[in-house]
Amino acid sequence: MSTENKKEIVLSGIRSTGNLHLGNYYGALSKFVKMQDDYDCLFFIADLHALTTNPDPEALHANVKSILAEYLAAGLDPDKATIFVQSDIPEISEMYLLLNMHVGIGELMRTASFKDKARKALGLSGSTDDNDAAFEHQIIGAETNKRVNAGLLTYPTLMAVDILIQKANKVPVGKDQLQHLELTRRFARRFNSFYGVDLFPEPESFDFGGKPVKVPGLDGSGKMGKSEGNCIYLIDDEKVLRKKVMRAVTDQGPTEPNSPVSEPIANLFALLELTSTPEVVQQFRDAYADCSIRYGDLKKQLAEDILKVTTPIRERVNDILADDEYLRKVLASGAEKARERAAKTLAEVRQIMGIRKF
Ligand code: TRP
């Protein structure tokens with residue numbers, strides 16, 4: 001344990017809002033798997049964060065289980081990393097209350113993710129930058145059937161607590177979460193300086209080095225994302241997966257040698273580069289360059305190569321989902337490890353803030 005503590009602490013969470021797709025796999029999960037040996041890793045399922053969008057209770061419960069199974073099937077190892085469910089750590093909820101006393105509603109209201117989600121909750125479209133005053137007015141005046149809940153507003157506090165309660169040093173997150181991480185750093189500094197303590201390290205975003213992986217979707221533009229409907233899920237069966245790939249958007253095909261590549265085709269090549277061998281990629285690049293390429297062949301190859309990655313994961317997911325005993329064991333030991341550290345930090349926070357025994 002003491003040698004383990006010398007390693008840097010890496011923590012990341014994922015909201016339990018749906019199945020994991022190839023973008024999650026290459027963008028995050030496959031990297032988490034590699035990090036397990038070099039860092040003191042904590043990976044968790046952010047089910048309390050998922051509650052901010054008021055999911056159906058059955059769906060929430062089922063999602064926690066399926067994401068956990070997908071995490072494990074993709075190679076996260078409970079013997080190496082601490083894997084847990086956020087709501088299993090009650091210390092997080094208590095510290096969330098305490099930290100909120102040092103968080104401004106103004107800074108929360110200005111957070112981009114809040115504005116986006118509040119707009120969605122109110123059924124508004126449009127950019128997050130226009131007319132803040134009218135927007136704030138709408139939030140305050142909203143009827144209960146179209147309301148912006150306080151959990152949505154304090155989402156960054158909860159995320160900061162996830163990170164600070166474990167005193168994490170490095171947080172691997174996507175671009176969309178960097179603002180939350182910046183707030184976490186600010187809250188840590190503020191707490192330390194308000195109480196004149198040096199309790200929280202300022203967490204940094206984890207830089208994987210190299211160029212960032214782009215995992216495009218199948219609809220011709222943009223990245224793969226569950227809200228975009230252009231996803232290949234890790235648990236898609238062979239038939240579904242092949243069908244999705246064969247339906248991917250393409251173009252008319254090159255008519256002149258060495259033509260530039262359009263975005264839909266560049267996206268298919270990007271997926272091929274992630275999943276295939278360099279030789280196969282080169283073969284299709286050459287065929288594109290001399291106009292002999294047939295997109296049907298490219299897609300068939302792509303589907304096969306993606307299946308080579310996803311099939312073993314899907315099979316393990318199914319085995320794990322059928323083994324409640326194993327899942328319970330993994331979560332019990334993850335929660336125990338995560339709670340031990342969280343309880344220690346919470347005790348320090350309470351002491352510092354003046355909540356003390358007589
Ligand atoms: N907000 C993150 C997301 O939507 C999930 C998350 C919750 C998280 N708590 C975290 C990520 C702590 C990193 C660290 O992706």
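Along the sequence shown, residues are numbered consecutively beginning with 1. We count ligands from 1, going down the list as the structure has it; atoms in each ligand are counted the same way.
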Sub-3.5 Å pairs, protein N or O with ligand 1 N or O:
{"residue": "ligand 1", "atom": "1 (N)", "partner": "Y155", "partner atom": "OH", "Å": "2.7"}
{"residue": "ligand 1", "atom": "1 (N)", "partner": "Q177", "partner atom": "OE1", "Å": "2.9"}
{"residue": "ligand 1", "atom": "4 (O)", "partner": "R15", "partner atom": "NE", "Å": "3.2"}
{"residue": "ligand 1", "atom": "4 (O)", "partner": "Y155", "partner atom": "OH", "Å": "3.1"}
{"residue": "ligand 1", "atom": "4 (O)", "partner": "Q177", "partner atom": "NE2", "Å": "3.3"}
{"residue": "ligand 1", "atom": "9 (N)", "partner": "D162", "partner atom": "OD2", "Å": "2.7"}

Qualifying salt bridge (charged side-chain N to carboxylate O under 4.0 Å, His left out) pairs, either residue in residues 186-202, two or more places apart: E107-R186, E107-R190, R185-E202, R189-E202

Can you see whether F135 has K115 sitting over its ring - NZ or CZ less than 6.0 Å from the centre and within 45° of the normal? no

Hey, would you say the F187 and H102 ring centroids sit under 6.0 Å apart? no

For the aromatic rings, using the six-membered ring if either is Trp, is the centroid distance between F191 and Y195 under 6.0 Å? yes

Check whether any side-chain N or O of R314 sits under 3.5 Å from a backbone N or O of D236 as a donor-acceptor pair, and report yes or no. yes

Do S276 and D305 have side-chain atoms, one donor and one acceptor, less than 3.5 Å apart? yes

